[in-house]
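Please read these numbers as outputs of a predicted model, since none were measured by experiment. Chain naming here is simple, since letters A, B, ... match the order of the sequence lines and numbering starts at 1 in each.
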2 protein chains.
Amino acid sequence: MADRIGAGGPSLLFLTDEQLRQGIEAMYFAYRGFTADPDRILEEHGYGRAHHRAIHFIHRSPGTTVNNLLSILGVTKQSLNRVLRTLIDEGLVEARVGTRDKRERNLFLTEAGEKLERALSEVQRERMRAAYREAGPEAVRGFRMVLEAMMDPQMRRHFNRLKDGEE
Amino acid sequence: MADRIGAGGPSLLFLTDEQLRQGIEAMYFAYRGFTADPDRILEEHGYGRAHHRAIHFIHRSPGTTVNNLLSILGVTKQSLNRVLRTLIDEGLVEARVGTRDKRERNLFLTEAGEKLERALSEVQRERMRAAYREAGPEAVRGFRMVLEAMMDPQMRRHFNRLKDGEE
DNA sequence: CTTTTATGTCAGCCTTGTTGACATTCCAAG
DNA sequence: CTTGGAATGTCAACAAGGCTGACATAAAAG
């Protein structure tokens with residue numbers, strides 16, 4: 001015990017390599033749970049996580065452009081285009097030619113798109129709600145703080161912009 | 001303000017759909033950061049996340065079997081085998097025939113394997129350390145609590161078994 | 001001896017990422 | 001008005017890493 005204190009003090013025990021490694025594994029296993037429920041629904045429809053991400057952020061920012069979506073998702077336009085094409089062809093997403101700049105496409109969910117979005121976010125929120133309830137409000141604040149500190153600066157900007165957009 | 005209290009009380013504000021959605025987005029963006037640093041190193045070596053996961057858990061439990069790894073990673077043996085084959089062929093992993101049960105293969109990292117593991121976990125721990133330091137010990141406890149509550153029961157069992165194995 | 005288990009391997013498919021090349025549309029600067 | 005460049009779409013090809021199904025082998029278990 002004395003040597004542990006000598007190694008940095010009890011207040012820094014949460015920074016030991018062992019603690020950090022447990023945090024890494026917790027992050028890995030938790031993310032598996034985080035995606036498990038939506039994955040099941042997506043599979044029924046023949047979609048994947050890429051479709052989920054597009055649907056989520058279009059729902060979140062109706063009328064967003066392809067470029068903005070590319071910046072949030074961090075993939076190539078070809079990848080995103082393939083996903084968007086499917087969603088548009090199957091009537092979940094509508095792409096309206098931009099009013100100000102006609103080169104841009106403003107993306108919206110159709111009624112069918114909104115319906116799938118609700119189904120996906122419902123199960124994901126339910127898992128989050130159960131975890132939040134079990135851990136309590138104080139833990140949730142800590143959870144949010146650590147996650148935000150873990151983001152790349154550019155992702156943090158996107159995160160905060162989305163957050164502040166609907167306060 | 002009064003209607004918010006009426007909607008469930010101030011202590012439950014962390015369970016509003018808006019709060020839950022922010023938690024979902026935080027999880028998504030943070031996971032991107034979480035994997036970004038190892039991904040860069042892996043790319044230099046021509047490996048992917050699947051190799052990282054195998055290396056991590058073999059390092060974590062030297063002598064583990066293929067079956068145990070399958071159960072932790074939740075992929076098919078064909079998928080895992082492809083990754084292990086590469087790692088064995090390139091001299092990062094050694095597969096010794098089991099002593100007790102000769103059908104089993106006990107997996108170990110070679111010196112080269114341990115070296116890559118150190119490089120990968122170093123950058124990942126560094127990001128985790130920075131986030132932990134910024135958020136503080138209380139936040140880290142909350143972070144861990146929420147993540148653990150978010151896991152599927154089977155993953156939580158794996159997580160706790162790994163955790164207790166090296167206390 | 002037969003069955004089950006642990007593992008490996010081959011073939012083929014899917015999603016989702018990548019790069020490169022090229023067409024179209026259209027704003028904006030000259 | 002013309003032209004350059006930006007935003008977008010599209011086609012082709014490729015790779016990683018999931019998946020399923022089928023089959024082989026060795027060894028443990030009954």
Task: Residue list, salt bridge (charged side-chain N to carboxylate O under 4.0 Å, His left out) with B:R103, at least two apart or on another chain - done: B:D101

Task: Flag for A:R49-A:T35: side-chain donor and acceptor within less than 3.5 Å - done: yes

TODO: Mind listing the residues from residues 80-94 of chain B sitting with a heavy atom below 4.0 Å of DNA chain D? Number order is fine.
DONE: B:R82

- [ ] Measure across A:I41 and A:A119 and return the closest heavy-atom pair with its distance rounded to 0.1 Å.
- [x] CD1-O, 3.5 Å

- [ ] Salt-bridge test for B:E18 and B:R21: reply yes if a basic N is under 4.0 Å from a carboxylate O, no otherwise.
- [x] yes

Task: side-chain hydrogen bond (donor to acceptor under 3.5 Å, both in side chains) partners for B:R127, two or more places apart - done: A:D152, B:D37

TODO: For B:R82, enumerate each residue passing the salt bridge (charged side-chain N to carboxylate O under 4.0 Å, His left out) test, keeping only those at least two apart in sequence or located in another chain.
DONE: none

Open item on the list: Please check if the number of heavy atoms outside B:Q78 that lie under 6.0 Å from its CD is greater than 12.
Closed with: yes

Open item on the list: Distance alone, cut at 3.5 Å: any donor-acceptor contact between the side chains of B:H45 and B:E90?
Closed with: no

Task: Any residue meeting salt bridge (charged side-chain N to carboxylate O under 4.0 Å, His left out) with B:R96, in chain and number order, not counting sequence neighbours - done: B:E94

Task: Contacting residues from residues 66-77 of chain B, given that a heavy atom lies under 4.0 angstrom of DNA chain C - done: B:V66, B:N67, B:K77

Open item on the list: Assess, by modelled atom type and distance only, whether the side chains of A:E114 and A:H59 contain a donor and an acceptor separated by less than 3.5 Å.
Closed with: yes

- [ ] Under the ring-ring contact (aromatic ring centres under 6.0 Å, His included) rule, collect the residues that match up with B:H51, sequence neighbours excluded.
- [x] B:Y47

TODO: Using a cut-off of strictly less than 4.0 Å between a heavy atom of the residue and any atom of DNA chain D, enumerate the qualifying residues of residues 26-42 of chain B by number.
DONE: none

Task: DNA chain D-proximal residues of residues 100-109 of chain B, any heavy atom under 4.0 Å - done: B:R100, B:D101, B:K102, B:R103

Open item on the list: For B:H158 and B:S71, which I'm curious about, is there any donor-acceptor pair between the side chains at under 3.5 Å?
Closed with: yes

Task: Rounded distance in Å - CD (A:Q78) to P (C:dT15) - done: 19 Å

Task: chain B contact limits on DNA chain D, taken 5' to 3' with a cut-off of 4.0 angstrom to heavy atoms - done: D:dG17 to D:dA28

- [ ] May I ask you to decide whether B:E25 forms a salt bridge with A:R60, counting only side-chain N to carboxylate O separations under 4.0 Å?
- [x] yes

TODO: Return each pair, listed once, that meets salt bridge (Lys or Arg N to Asp or Glu O under 4.0 Å) where at least one residue sits in residues 67-78 of chain B; pairs must be two or more places apart or across chains.
DONE: none

Task: Sequence-distant partners of B:R53, salt bridge (charged side-chain N to carboxylate O under 4.0 Å, His left out), two or more places apart - done: none

